[in-house]
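Numbers restart at 1 for each chain; the letters A, B, ... are given by sequence-line order, proteins then strands.
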Protein chains: 2
Amino acid sequence: MEIKDVINTIIKWDCIENLRKLPDECVDLIFADPPYFMQTDWVLLRTDGSKFNWVEDEWDKFSWYNEYDNFCYQRLKECKRIMKKDASIWVIGSFQNIYRIWFIMQNLWFWILNDVIWDKPNAAPNFSWTRLQNSHETLLWCTKSEKSKYTFNYKTMKHLNGWRQEKSVWNIWICIWPERLKDENWVKVHSTQKPEALLFNVITASSKPWDIVLDPFFWTGTTWAIAKRTGRNYIWLEREDKYIKAAEERLSKIEVEHNEVNDLELEVKPPKVPMDLLIKTWYLSIWDKLCDRSWTEIGTVNEKWYVDDWEDTLSIHKMSAKHLWLTNNNWRDYFRVFKNWNLISIDSLRYKYIEENK
Amino acid sequence: MEIKDVINTIIKWDCIENLRKLPDECVDLIFADPPYFMQTDWVLLRTDGSKFNWVEDEWDKFSWYNEYDNFCYQRLKECKRIMKKDASIWVIGSFQNIYRIWFIMQNLWFWILNDVIWDKPNAAPNFSWTRLQNSHETLLWCTKSEKSKYTFNYKTMKHLNGWRQEKSVWNIWICIWPERLKDENWVKVHSTQKPEALLFNVITASSKPWDIVLDPFFWTGTTWAIAKRTGRNYIWLEREDKYIKAAEERLSKIEVEHNEVNDLELEVKPPKVPMDLLIKTWYLSIWDKLCDRSWTEIGTVNEKWYVDDWEDTLSIHKMSAKHLWLTNNNWRDYFRVFKNWNLISIDSLRYKYIEENK
DNA sequence: CATTGATATGAATCCTACG
DNA sequence: ACGTAGGATTCATATCAAT
């Protein structure tokens with residue numbers, strides 16, 4: 001089976017068997033929403049006597065931890081296999097399952113980047129008064145290995161968060177009508193439909209346009225709806241007809257939206273301005289005297305862009321480290337140059353270079 | 001060793017050996033703050049060249065996962081032994097360790113009630129644009145077994161939360177000066193001092209006045225400061241002199257505060273006044289007509305304190321269930337009695353009985 | 001005295017291209 | 001793969017000095 005056969009189409013199949021048919025290292029992002037394993041054999045009543053519609057679907061009936069562990073292990077193992085080298089995976093769960101899941105994932109040598117809390121301001125209340133209202137779920141954001149050069153769109157997320165860096169706690173409303181899918185009898189199609197805002201955050205934070213996104217569990221297609229809208233590709237594994245029908249209808253209404261967020265226009269990396277460039281362009285001259293910020297003379301820049309003090313010739317980092325009594329130093333703002341009767345930091349020369357050479 | 005020898009005093013000892021000396025089933029509440037097993041073996045400098053100080057203490061050094069797992073397992077096992085039958089335990093951690101901790105606790109057959117997120121609005125930022133800012137920690141609230149009749153002060157927590165149900169996400173500031181303890185050189189005494197607000201929530205939610213509170217790890221005594229102030233007893237295990245000194249000084253300044261929260265005055269349970277008592281004392285009469293809240297007559301109370309409708313004789317719960325088309329019902333407020341030309345709920349008769357027969 | 005600006009700091013698996 | 005050198009970066013809050 002090849003990627004071109006499965007991309008951007010809906011294919012009805014059983015999850016695990018066909019996951020196994022996908023080629024190695026073929027997807028960039030996985031969003032996995034395994035069943036939650038809630039052990040609710042009892043009927044939970046509201047205090048007014050009406051029945052609370054709990055998760056009671058057939059897929060949530062696992063009689064043993066072992067069975068659940070094995071279920072997740074098999075799928076997560078396949079996920080790891082089909083992930084590209086630098087892909088990342090998000091797994092969502094609650095206290096009933098997420099701790100077991102991360103234990104399984106650690107055994108598979110996934111590497112965790114963050115555990116993210118989905119804080120639900122409008123979560124269902126606790127009717128029994130016996131515990132705290134369970135108002136959050138947990139997402140694990142992991143890479144295939146410690147060495148992965150994963151995608152993280154820092155600036156885009158910062159932009160979406162009012163220009164402050166995005167935190168590990170996300171305040172997002174749970175899915176309600178009209179976003180919530182209902183069937184012809186006005187019954188919700190799926191008991192754990194995830195809100196679009198959550199998937200939007202996941203996809204925006206950790207994927208690029210044209211990346212291939214996969215959801216290995218068989219839900220309502222929120223993942224693919226957002227993947228399509230944000231201009232990502234998707235592989236769609238779906239098992240049950242009723243879900244396929246709802247999702248197809250939903251997807252047909254969605255068009256790709258091009259904008260600065262979806263197209264990652266904010267992710268321009270700042271240019272690096274190395275010492276030799278500053279010297280070549282005469283922002284810094286060989287034999288310029290370097291001082292620290294209190295006008296103490298340290299040394300001069302030589303023709304190899306190293307710094308000479310009275311006894312050593314060292315890289316700019318090693319030299320600042322030496323004078324700070326450290327073994328290494330990355331303090332970019334340590335050195336000053338005497339120019340126009342002022343002390344100017346090398347960093348400000350870099351900014352000047354960038355400003356004047358746009 | 002007996003409880004009377006260790007209660008409300010500071011005892012210098014090595015943690016695990018002396019935990020083993022405590023008798024079985026002697027504490028009501030445990031707050032455990034194990035080392036987080038941070039694997040930070042590099043140096044991070046701020047942009048001004050200063051060093052970012054994170055946890056580098058010896059107590060967080062473990063050779064590998066199994067050593068850490070064993071460390072936690074030994075202590076949590078002892079915790080379970082010394083917990084009273086209905087005691088509960090809170091364990092705090094972050095993604096580096098909390099998933100391993102819960103795996104260990106599941107193997108010890110602890111029963112989880114909630115995982116609580118401590119959302120830190122003023123957490124340290126992420127300096128390097130590589131991940132989301134890690135702005136939370138996780139607490140696991142567990143009982144010794146599924147059958148525990150643990151303490152949960154629902155109404156008190158609701159009161160503290162603006163009369164809304166307390167959630168599983170707590171927004172609490174990290175501990176800063178002046179709350180943060182400093183030594184004579186103005187250096188923080190401990191790298192991981194927990195804020196008092198967090199401990200206050202834990203103790204208030206899950207313990208009663210005079211309960212015995214234990215913290216099996218050797219920190220700055222925030223747990224005991226709050227335990228003392230809220231009128232709980234404590235057992236204090238401490239290892240290092242510098243921590244003992246700081247904590248003793250801190251504790252000497254604290255006095256028990258009596259108020260409606262600490263004394264749980266809001267936790268008045270709905271009165272348990274059985275039907276027969278209401279009838280014996282003439283708050284309710286045999287043959288009184290029972291209605292629902294819309295004046296529809298349901299039936300009458302008979303001499304055996306059951307309810308007769310036109311066809312059945314059932315307990316008060318089964319009867320309300322029948323009329324609500326349910327298999328069972330615990331809605332205490334369903335039935336009304338026609339008295340003085342008003343409909344009065346049976347519950348309000350119970351309150352009246354309690355009020356007039358104190 | 002009020003306001004402003006510089007400085008300090010907190011349980012964080014926190015860089016990357018090149019040779 | 002690994003070592004090395006060079007370059008880029010943070011948020012909320014509190015304190016304290018300066019204006």
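OP1 or OP2 of D:dG6 lies within a sub-4.0 Å distance of a side-chain N or O belonging to A:Ser315. Note on B:Trp129: every side-chain N or O is 4.0 Å or more away from OP1 and OP2 of C:dC15. Here B:Asn134 reaches the OP1 or OP2 of C:dT13: one of its side-chain N or O atoms lies under 4.0 Å away. A close approach under 4.0 Å does occur between a side-chain nitrogen or oxygen of B:Lys188 and OP1 or OP2 of C:dG10. For B:Arg180 and C:dG10, the shortest distance from a side-chain N or O to OP1 or OP2 is not below 4.0 Å. Residue A:Lys158 has a polar side-chain atom (N or O) positioned under 4.0 Å from OP1 or OP2 of D:dC11. The side chain of A:Tyr154 contributes an N or O atom lying less than 4.0 Å from OP1 or OP2 of D:dT10. For D:dC2, the OP1/OP2 oxygens have no side-chain nitrogen or oxygen of A:Lys147 closer than 4.0 Å.
A:Ile112 has its CD1 atom 10 Å from the C1' atom of C:dT13, to the nearest Å. Put simply, CH2 on A:Trp163 is 14 Å from P on D:dA12, counting in whole angstrom units. If you take CD1 of A:Ile346 and C1' of D:dG6, they are 12 Å apart, rounded to a whole angstrom. Going from atom CZ of A:Arg164 over to atom P of D:dA12 covers 5 Å, rounded to whole Å. In this structure, A:Leu284 atom CG and D:dG7 atom C1' are separated by 15 Å, rounded to whole Å. Here C:dC15 presents its P atom at 12 Å from CG of A:Leu113, a figure rounded to the nearest Å. Atoms CG (B:Asn53) and C1' (D:dT10) sit 16 Å apart, rounded to a whole Å. Rounded to whole angstrom, the span from the CD1 atom of B:Ile176 across to the C1' atom of D:dC11 amounts to 13 Å.
Aromatic pair B:Phe127/B:Phe52: ring centres closer than 6.0 Å. Here B:Trp236 and B:Trp224 bring their ring centres to under 6.0 angstrom of each other.
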Pair B:Trp118-B:Lys194, side chain to side chain contact (heavy atoms under 4.5 Å, CB included): steps then yes or no: CA-CA 11 Å; B:Trp118 171 23; B:Lys194 296 288 177 288; 3.9 Å; yes
Residue pair A:Tyr283, A:Asn357: steps toward the side-chain hydrogen bond (donor to acceptor under 3.5 Å, both in side chains) verdict: CA-CA 12 Å; A:Tyr283 283 81; A:Asn357 294 274; 3.1 Å; yes
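Among the atoms of the strands shown, none is found under 4.0 Å from any heavy atom of A:Phe152. Across all strands, A:Trp111 comes closer than 4.0 Å to base atoms (heavy-atom distances). Counting non-hydrogen atoms under 4.0 angstrom, B:Ser94 reaches nothing in the nucleic acid.
For the C1' atoms, the distance linking C:dT13 with D:dA12 amounts to 24 Å, nearest Å. Separating the C1' atom of C:dC1 from that of D:dA17 is a span of 15 Å, rounded to the nearest Å. Across D:dA8 and C:dG10, the matching P atoms stand 28 Å from one another, rounded to whole Å. Here the separation of C:dC15 from D:dT10, taken at their C1' atoms, is 15 Å to the nearest Å.
Cation-pi geometry between B:Arg75 and B:Phe71 is met: under 6.0 angstrom from the ring centre, within 45 degrees of the axis.
Relative to the side chain of B:Pro125, the nucleotides D:dA12, D:dA14, D:dC11 differ in distance, and D:dC11 lies closest. Closest to the side chain of B:Ser128, from the set C:dC15, C:dG10, D:dT10, is C:dC15. Of the candidate nucleotides C:dT13, C:dG10, C:dA11, C:dA11 has the atom nearest to the side chain of B:Asp33. Of the candidates D:dG7, C:dT13, D:dT10, the closest approach to any side-chain atom of A:Arg350 belongs to D:dG7. Checking D:dT13, C:dT13, C:dC15 against the side-chain heavy atoms of B:Trp173 singles out D:dT13 as nearest.
Nearest-nucleotide assignment on DNA chain D puts the 5′-proximal partner with A:Ile354, out of A:Gln165 and A:Ile354. Both A:Gln106 and A:Lys272 lie near DNA chain C, and the one whose nearest nucleotide falls closer to the 5' end is A:Gln106.
A stacking contact between B:Phe52 and C:dT9 is absent: the pair does not combine a ring-centre distance of less than 5.5 Å to the base's six-membered ring with planes differing by less than 30°.
B:Trp170 pairs in a ring-ring contact (aromatic ring centres under 6.0 Å, His included) with only one of the listed residues (B:Trp90, B:Phe200, B:Trp141), which is B:Trp90.
The two residues A:Met83 and A:Lys144 make their nearest non-hydrogen contact at O-NZ, 2.7 Å.
Under the Watson-Crick and G-U wobble criteria, each requiring two contacts below 3.5 Å, nucleotide D:dA17 is paired to C:dT4. With both pairing distances under 3.5 Å, C:dC15 is matched to D:dG6 as a Watson-Crick or G-U wobble pair.
Under the 4.5 Å side-chain criterion, counting only non-hydrogen atoms from C-beta, B:Arg100 is in contact with B:Asp69.
In this structure, C:dT7 shows a glycosidic angle more than 90 degrees from zero, which is the anti conformation.
Within 3.5 Å, no donor on the side chain of A:Lys149 pairs with an acceptor on the base of C:dA17, nor the reverse.
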